[in-house]
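See below for the structure under consideration.
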2 protein chains.
Amino acid sequence: MRPPPWKVGELAKRTGVSVRALHHYDEIGLLSPSHRSGAGYRLYTEIDVARLQQIRSLRALGFSLEEARDFLKRPEVTPDRVLQLHVAHLKEQIAAQQSLADRLEQVARRWRSDENVPTEEFLQIIEVTNMIGKYYTSEQMEQLKQRGEMLGADHIRQAEAEWPELMAKVQAEMDRGTDPADERVQALARRWKELVEEFTGGDPGIAKSVGRMWQEETTIHGMDTGNMRSLMGYVQKAWAAAPKE
Amino acid sequence: MRPPPWKVGELAKRTGVSVRALHHYDEIGLLSPSHRSGAGYRLYTEIDVARLQQIRSLRALGFSLEEARDFLKRPEVTPDRVLQLHVAHLKEQIAAQQSLADRLEQVARRWRSDENVPTEEFLQIIEVTNMIGKYYTSEQMEQLKQRGEMLGADHIRQAEAEWPELMAKVQAEMDRGTDPADERVQALARRWKELVEEFTGGDPGIAKSVGRMWQEETTIHGMDTGNMRSLMGYVQKAWAAAPKE
DNA sequence: CTTGACCCTCACGTAACGTAAGGCTTTATC
DNA sequence: GATAAAGCCTTACGTTACGTGAGGGTCAAG
């Protein structure tokens, strides 16, 4: 296991990725080992390991192998960016799973008491169960990727810059106790929504999940999380209070 | 949407399970709607919805469709049992994801500071990432199911009864501050391990995850969780302190 | 020097649907 | 009450990410 060119079986044993999978990644040009021995043995280096990690993280996000390959081609995709995405996704999953677990426990309790659970409960459970692990669905990813390309890197950066600013303003209104229905707050909430939509391509499903992702992202840019949740709550109230269009 | 025989598309829309998937489930005899209209339209009742929920929960646990079908045939499998399994699995996932997320954040920070992360980190991340969502692997499930059949229902119940008893004893030693290496504790730890192995068929991978499941299960039988964790920790120390065989 | 553990390259198999084709039925619209 | 549009049916081939051998070199150990 020691000496850092590893043979395929060694890498497989250490990572839990099957030999066949590594062969497959090589075949499709997703991860080709940096070296081959004289006899044609695949030899993987640290660089290959790092790339494999990126790949597995992206797969955990729901990327297909092809999407992962394309994504890793893009120059702005740095290793820590991938890690951040993975972390954001995990936190999202955790939140969703936590609430589902609570719900399931309730239903189980109810079932044990009177064996009579309304079908509506089951319908909702099915829906939520499906959503978990599917948060970034393939079409959603499609849109995300397209948007990412269409907006261009600098556009994205601009949005990134606007977020903290916008959040600071919202925070100010919140501290001041302004009613979420107030026009000033409404304007901020609208802008918030626009920013989200700009990034998501207007898909409401993706908006929900990516909303939280942005929350993470901007957290990383130097803000605190507990607070953020209350901010989100405030904005949501504002949306709820909005005159319908 | 109201009237409870639903057509396939209605059910699909409400649950997020695709029409094709429902057709598929019908084809393979996993979920055949209770009724058909004169024109041959599939009509799903509340009972069908409840079954669909079971199926999706089992799928979330990593069951294949065939395994789910067989599992649901068994008479001791009640709806709330499936819910409990699902809950246990979710909590397990949450714990694993939480620790992975922490790890990823650490690594990301380290990367941003010196851009130099030891390969060992990546190897471990890959391994853990793989394990999540794979906790119950198909072969593991195989073993679980086989064991479930081989042990028989009453054997299981006996084990169920022994758990609280055993845990009470462990708790007593722990409260007393007995060293985990002490022979009394060692005996209890061995029995603990035996019980786990009896249920898991001796597979160490499954033992780890099912250990937590039992934790949940027995919790449900009326014990408190926070405490349980420290119990587990204590037993693990005992295992670590065991003279190697 | 042989034997077991690995490695290679084909190459076909599989699970759980996706997707499209061709053709009825039900619902909505005028 | 006709005429779409929308939804349902079956049949059937396509897809992704590998699993699972088959047939045959390679290499460290005894």
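Lettering follows sequence order; numbering is per chain, from 1.
Of the candidate nucleotides D/dT26, D/dG19, D/dT11, D/dG19 has the atom nearest to the side chain of A/Ser18. Comparing D/dC8, C/dC6, C/dC17 against the side chain of B/Ala21 picks out C/dC17 as the nearest.
Contact annotation: A/Arg42 does not reach the phosphate of C/dC7 (side-chain N/O to OP1 or OP2, under 4.0 Å). Residue B/Arg36 places at least one side-chain N or O under 4.0 Å from the OP1 or OP2 atom of D/dT10.
For the pair A/Arg56 CZ and D/dC18 P, the interatomic distance rounds to 6 Å; values are reported in whole Å. In this structure, B/Leu11 places its CG atom 15 Å from P of D/dG7, rounding to the nearest Å. At whole-Å resolution of the value, NE2 in A/His24 and P in D/dT20 are 15 Å apart.
Distance check: B/Leu31 CG to B/Arg69 CZ gives 12.0 Å after rounding to the nearest 0.5 Å. How far CD of B/Gln106 is from CG of A/Leu83: 12.0 Å, rounded to the nearest 0.5 Å.
Across all strands, A/Val19 comes closer than 4.0 Å to no nucleic acid atom at all (heavy-atom distances).
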Please report the C-alpha distance between B/Thr45 and B/Asp48 in whole Å, then the side-chain angles of each, then the deciding distance to 0.1 Å, and finally whether the side chain to side chain donor-acceptor pair (under 3.5 Å) criterion is met. CA-CA 5 Å; B/Thr45 67; B/Asp48 300 325; 3.3 Å; yes
Begin with the C-alpha distance, continue with both residues' side-chain angles, and end with the deciding distance and a verdict on salt bridge (charged side-chain N to carboxylate O under 4.0 Å, His left out) for B/Arg14 and A/Glu120. CA-CA 10 Å; B/Arg14 192 61 189 73; A/Glu120 179 60 25; 2.4 Å; yes
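Of the two residues contacting DNA chain D, namely B/Arg20 and B/Lys7, the nearest-nucleotide position lying further toward the 5' end is that of B/Lys7.
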